[in-house]
Amino acid sequence: MTTHYLAPALLVEMETTFSAQLRARVTTGETCSRGMSLYRKIVRENIGSVLQHVFPLFCRRVNNADICDLADAFLHQHQASQPEFHQVATELLLFIRQQRQLSPHDLALIEYEWLMYAVEIDDSHVPRPLKMPLSGDVEVARNPTLKIVALPFRIHEGEPCYEDEERLNYYALYRKHNNALYQKMLSQVDVRLLSVINHQIISAERLLNMASPFLADFSLRSWLETNNNDELLSLKYKG
């Protein structure tokens with residue numbers, strides 16, 4: 001038999017009051033103690049710290065007052081309940097997406113930065129690349145941390161470059177075997193080949209057969225060797 005325990009009504013009321021005071025945008029001395037004021041300040045500073053560490057490019061496009069306002073609005077409007085750093089970062093992304101005053105470029109920028117962060121904390125094992133000639137029956141697998149993103153701007157030396165020409169730029173974001181974070185600009189052929197591989201292990205021969213309709217004169221062997229060296233994917237002999 002399962003026994004269910006209910007929290008005392010007084011405790012529930014105290015938790016509700018505490019949460020309301022913590023999240024409230026404006027409080028008065030009569031309803032907010034000195035300790036609560038200090039705690040409110042610490043929580044908002046922590047949220048601002050997550051913003052600046054996970055979304056530094058976005059934060060450089062706004063001033064400090066805007067960051068403080070965003071942290072305050074997040075607490076006031078968004079019902080996030082998970083306090084861990086990475087969970088707050090994800091909840092901030094979800095909240096910022098709802099802000100209608102942000103431009104499509106700013107939204108794309110924060111999603112790009114969140115993906116970079118997600119790759120950085122991904123605990124998947126990335127194998128060391130094997131330097132080997134492509135002969136015999138070879139299997140191909142994508143880097144397990146790989147994320148592909150389409151951006152309405154270029155990334156040059158870690159900074160967004162906005163141009164008049166409206167076109168999508170594709171990037172691979174991933175971590176190498178030594179845990180170094182890396183990004184690589186992709187062509188449309190790269191994107192299509194990586195989409196064919198997806199999250200499966202596939203033989204090089206099967207990949208060639210599946211990709212032949214759009215490969216034309218493109219050299220699959222050269223593509224595999226280059227991206228194996230870049231650790232975008234990994235190669236190994238069957239068996």
Side-chain angles (χ1 to χ4, degrees), residues 47-74 77-78 80 85-122 124 126 142-176 180-199 210-211 213-216 218 223 226-227 230-233:
I47 293 172
S49 176
V50 175
L51 275 167
Q52 297 199 27
H53 282 86
V54 180
F55 309 104
L57 298 178
F58 170 74
C59 286
R60 286 207 289 271
R61 292 174 57 81
V62 298
N63 56 46
N64 288 336
D66 291 330
I67 295 174
C68 292
D69 287 345
L70 185 57
D72 198 41
F74 172 74
Q77 300 173 26
H78 195 70
F85 189 97
H86 69 281
Q87 291 165 329
V88 171
T90 300
E91 292 290 343
L92 278 166
L93 170 66
L94 297 175
F95 177 70
I96 295 172
R97 277 176 172 169
Q98 301 167 3
Q99 306 306 299
R100 295 182 180 179
Q101 68 269 28
L102 292 182
S103 70
H105 280 186
D106 281 344
L107 286 173
L109 183 61
I110 64 167
E111 289 177 358
Y112 159 75
E113 293 196 274
W114 183 86
L115 281 174
M116 290 287 283
Y117 176 68
V119 169
E120 185 177 13
I121 66 173
D122 189 331
S124 299
V126 179
R142 286 183 9 168
N143 183 308
T145 67
L146 174 64
K147 306 290 184 187
I148 297 176
V149 61
L151 300 174
F153 47 80
R154 288 187 305 106
I155 299 292
H156 178 66
E157 296 183 353
E159 297 287 338
C161 297
Y162 301 97
E163 301 171 334
D164 293 335
E165 183 183 0
E166 289 293 333
R167 67 185 182 88
L168 289 178
N169 301 277
Y170 295 92
Y171 287 88
L173 315 176
Y174 59 100
R175 210 178 62 244
K176 292 192 172 185
L181 198 60
Y182 196 76
Q183 64 181 21
K184 179 179 179 179
M185 195 169 190
L186 301 176
S187 68
Q188 291 190 2
V189 171
D190 293 329
V191 174
R192 294 187 72 173
L193 285 170
L194 290 169
S195 298
V196 169
I197 301 171
N198 202 2
H199 298 293
M210 295 175 68
F214 60 86
L215 269 179
F218 187 79
W223 185 85
T226 297
N227 286 289
D230 286 344
E231 299 187 41
L232 193 64
L233 47 82

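Residue numbers run from 1 in the order of the sequence given.
Shortest non-hydrogen contact noted between A108 and L151 is O-CD2, 3.9 Å. Between T145 and R175, the closest heavy-atom pair is OG1-N, 2.9 Å. Here the closest non-hydrogen pair linking G48 and A71 is N-CB, 4.3 Å. Scanning both residues, L168 and A150, for their nearest heavy atoms gives CD1-CB, 4.2 Å. Residue L146 comes nearest to A172 through the heavy atom pair CD1-CB, 3.6 Å, listed as atom of the first residue, atom of the second, then distance. For V54 against A89, the heavy-atom pair with the smallest separation is CG2-CB, 4.0 Å.
D122 pairs by the salt bridge (Lys or Arg N to Asp or Glu O under 4.0 Å) definition with nothing, not counting sequence neighbours. Y182 is linked by a ring-ring contact (aromatic ring centres under 6.0 Å, His included) to Y174, counting only residues two or more places apart in sequence or in another chain. With sequence neighbours excluded, no residue satisfies salt bridge (Lys or Arg N to Asp or Glu O under 4.0 Å) with K176. Take L107 and apply the side-chain contact (heavy atoms from CB on, under 4.5 Å) test, not counting sequence neighbours, and it matches L102, I110. Scanning for side chain to side chain donor-acceptor pair (under 3.5 Å) contacts around E157 gives an empty result, with sequence neighbours left out. Looking at residues two or more places apart in sequence or on another chain, you find a side-chain contact (heavy atoms from CB on, under 4.5 Å) between S187 and V189, D190. Legend: residues meeting side chain to side chain donor-acceptor pair (under 3.5 Å) with R142, ordered by chain and number and at least two apart, are absent. For R154, the side-chain contact (heavy atoms from CB on, under 4.5 Å) test picks out H156, C161, E163, R167, N169, Y171, M185, with sequence neighbours left out.
Within the structure, salt bridge (Lys or Arg N to Asp or Glu O under 4.0 Å) contacts touching residues 111-120 (residues at least two apart or in different chains) are R97-E111.
Here CD1 of I148 is found 11.0 Å from CG of L115. Values are rounded to the nearest 0.5 Å. In this structure, NZ on K147 lies 6.5 Å from CH2 on W114, to the nearest 0.5 angstrom.
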**OP:** Check the pair Y162, L109 against side chain to side chain contact (heavy atoms under 4.5 Å, CB included), reporting the backbone distance first and the verdict last.
**Re:** CA-CA 11 Å; Y162 301 97; L109 183 61; 4.0 Å; yes

Subject >> Verdict with supporting geometry, L233 and I197, side chain to side chain contact (heavy atoms under 4.5 Å, CB included) >> reply: CA-CA 10 Å; L233 47 82; I197 301 171; 4.2 Å; yes

Subject >> From CA spacing to verdict: side chain to side chain contact (heavy atoms under 4.5 Å, CB included), L232, L194 >> reply: CA-CA 9 Å; L232 193 64; L194 290 169; 3.9 Å; yes

**OP:** Any chance you could lay out the side chain to side chain contact (heavy atoms under 4.5 Å, CB included) test for I47 and V50, step after step, and finish with the verdict?
**Re:** CA-CA 5 Å; I47 293 172; V50 175; 5.7 Å; no

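Classified by interplanar angle (parallel below 30°, tilted 30° to 60°, perpendicular above 60°), the ring pair F74/F95 is perpendicular.
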Can you give the donor-acceptor pairs under 3.5 Å from side chains of residues 55-62 to other protein atoms, not counting sequence neighbours?
| from | atom 1 | to | atom 2 | distance (Å) |
| --- | --- | --- | --- | --- |
| R60 | NH2 | E159 | OE1 | 3.4 |
| R60 | NH2 | E159 | OE2 | 2.5 |
| R61 | NE | D106 | OD1 | 2.7 |
| R61 | NH2 | D106 | OD1 | 3.3 |

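Formation of a donor-acceptor pair under 3.5 Å by the N227 side chain with backbone atoms of D230 is not found in this model.
Enclosure of atom NZ in K184 by more than 12 non-hydrogen atoms of other residues, nucleotides or ligands within 6.0 angstrom is indicated.
Using a 4.5 Å heavy-atom threshold, the side chains of Y112 and L173 count as touching. Between I67 and L70, the closest side-chain pair of non-hydrogen atoms is not below 4.5 Å.
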